[in-house]
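First up is the structure itself, then whatever we jot down about it.
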Amino acid sequence: MNEMHAGFHVHHQPGSDSSASPLLLLHGTGGDEHDLMAFGRRIAPGSSLLGVRGRLLEGSLTRWFRRHGEGLFDLADMAERATELAVFVSSAGQHFGWSRAPIAVGYSNGANIAAGLLMRHPGTLSGAILMRAMNGLSSEPGLDLAGTPVLLLSGRHDPLAPEASRAVLVAALKQAGAVVTEAVTASGHGLEAGDAHAAQGWLASLRRA
Ligand code: MLT
């Protein structure tokens with residue numbers, strides 16, 4: 001169902017399994033709240049799904065935060081918008097009756113804001129699948145992500161998210177205690193079938209743990 005919630009356009013699909021973590025679906029630049037719905041349903045058949053639309057417009061393209069150029073993030077704006085999104089997630093959790101914090105599934109710009117949520121608002125997410133993510137907001141001293149599972153799905157030939165940038169992100173997550181699983185495939189910045197497969201397997205392994 002399409003609706004506005006707390007100032008964001010959202011698409012909600014209830015889940016059939018109340019024991020499955022809800023998924024918060026965060027699109028890439030130019031996307032919307034529908035983009036990752038099919039992906040989410042494929043990787044988590046029983047979960048409640050919430051697709052959300054970024055509120056910033058860069059020309060006609062939706063985004064989650066401002067940038068000065070490709071890969072040059074406006075970190076002050078990113079921090080503000082991560083806070084806005086954290087407030088939204090908490091309100092959405094009450095509105096949609098979630099019994100636990102969601103797992104974010106973010107692609108590209110959506111993965112970067114999801115990483116920002118982890119860095120600045122621990123507790124907002126119970127885990128994250130970051131697809132084609134890069135380094136953005138740094139962690140703050142004392143950040144505690146102990147035991148928070150994070151799956152990083154990267155492309156070896158991704159020109160936007162080079163290995164060195166990802167390494168900084170992974171180091172910060174691990175330093176804060178997150179349990180990071182990394183998979184690098186022979187892909188570029190775009191998603192491919194292997195991403196859904198890896199995400200599905202990772203979610204299933206969390207449920208078995
Ligand atoms: C970003 O701006 O978050 C990344 O450069 C990826 C993109 O959305 O183009």
Side-chain angles (χ1 to χ4, degrees), residues 8-11 23-40 50-89 102-121 124-125 127-140 150-173 178 180 182-192 194-196 198-199:
F8 285 83
H9 287 273
V10 301
H11 183 80
L23 299 188
L24 176 76
L25 307 171
L26 304 172
H27 62 78
T29 297
D32 69 21
E33 63 276 26
H34 303 288
D35 281 18
L36 291 169
M37 294 303 291
F39 185 91
L50 187 66
V52 189
R53 189 192 305 177
R55 289 207 290 206
L56 176 73
L57 281 179
E58 181 186 85
S60 60
L61 301 178
T62 48
R63 280 183 59 83
W64 293 99
F65 57 87
R66 231 174 277 287
R67 62 180 167 181
H68 304 296
E70 186 58 67
L72 293 173
F73 299 161
D74 177 336
L75 294 175
D77 185 67
M78 191 176 179
E80 260 177 50
R81 291 182 190 265
T83 301
E84 251 177 43
L85 189 58
V87 170
F88 164 82
V89 172
I103 293 178
V105 178
Y107 167 62
S108 187
N109 186 235
N112 296 335
I113 196 70
L117 281 179
L118 291 170
M119 295 296 185
R120 299 295 169 93
H121 300 279
T124 298
L125 301 176
I129 299 175
L130 307 177
M131 301 186 287
R132 312 301 185 268
M134 58 204 80
N135 184 43
L137 282 179
S138 56
S139 55
E140 286 182 324
V150 179
L151 174 64
L152 203 83
L153 295 175
S154 306
R156 188 168 302 123
H157 309 296
D158 185 346
L160 304 182
E163 211 275 326
S165 172
R166 296 188 322 250
V168 177
L169 171 63
V170 168
L173 290 169
V180 183
E182 281 186 273
V184 182
T185 60
S187 55
H189 196 66
L191 295 181
E192 47 160 54
D195 291 296

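Indexing begins at 1, ligand by ligand and atom by atom, following the structure's order. Note that the coordinates shown come from a computational prediction; the quantities given were computed from them, not determined experimentally.
Using a 4.0 Å heavy-atom criterion, the residues that approach ligand 1 are Thr29, Arg63, Phe65, Arg67, Glu70, Gly71, Phe73, Ser108, Asn109, Asn112, Met134.
The structure places CD1 of Ile113 at 11.0 Å from NE2 of His27, a figure rounded to the nearest 0.5 Å.
Between Phe73 and His68, the closest heavy-atom pair is O-CD2, 3.8 Å.
Ala79 is linked by a side-chain contact (heavy atoms from CB on, under 4.5 Å) to Arg120, Leu137, counting only residues two or more places apart in sequence or in another chain.
A salt bridge is defined here as a Lys NZ or Arg NE, NH1 or NH2 lying under 4.0 Å from an Asp or Glu carboxylate O, and Glu58 with Arg66 fails to meet this definition.
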Using distance only, find each side-chain donor-acceptor pair of residues 159-170 under 3.5 Å and give its atom names and separation, not counting sequence neighbours.
residue: Ser165; atom: OG; partner: Asn135; partner atom: N; Å: 2.8
residue: Arg166; atom: NE; partner: Ser154; partner atom: OG; Å: 3.3
residue: Arg166; atom: NH1; partner: Ala161; partner atom: O; Å: 2.9

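Sorted by first then second residue, the salt bridge (charged side-chain N to carboxylate O under 4.0 Å, His left out) pairs that include residues 129-138, not counting sequence neighbours, are Arg132-Asp195.
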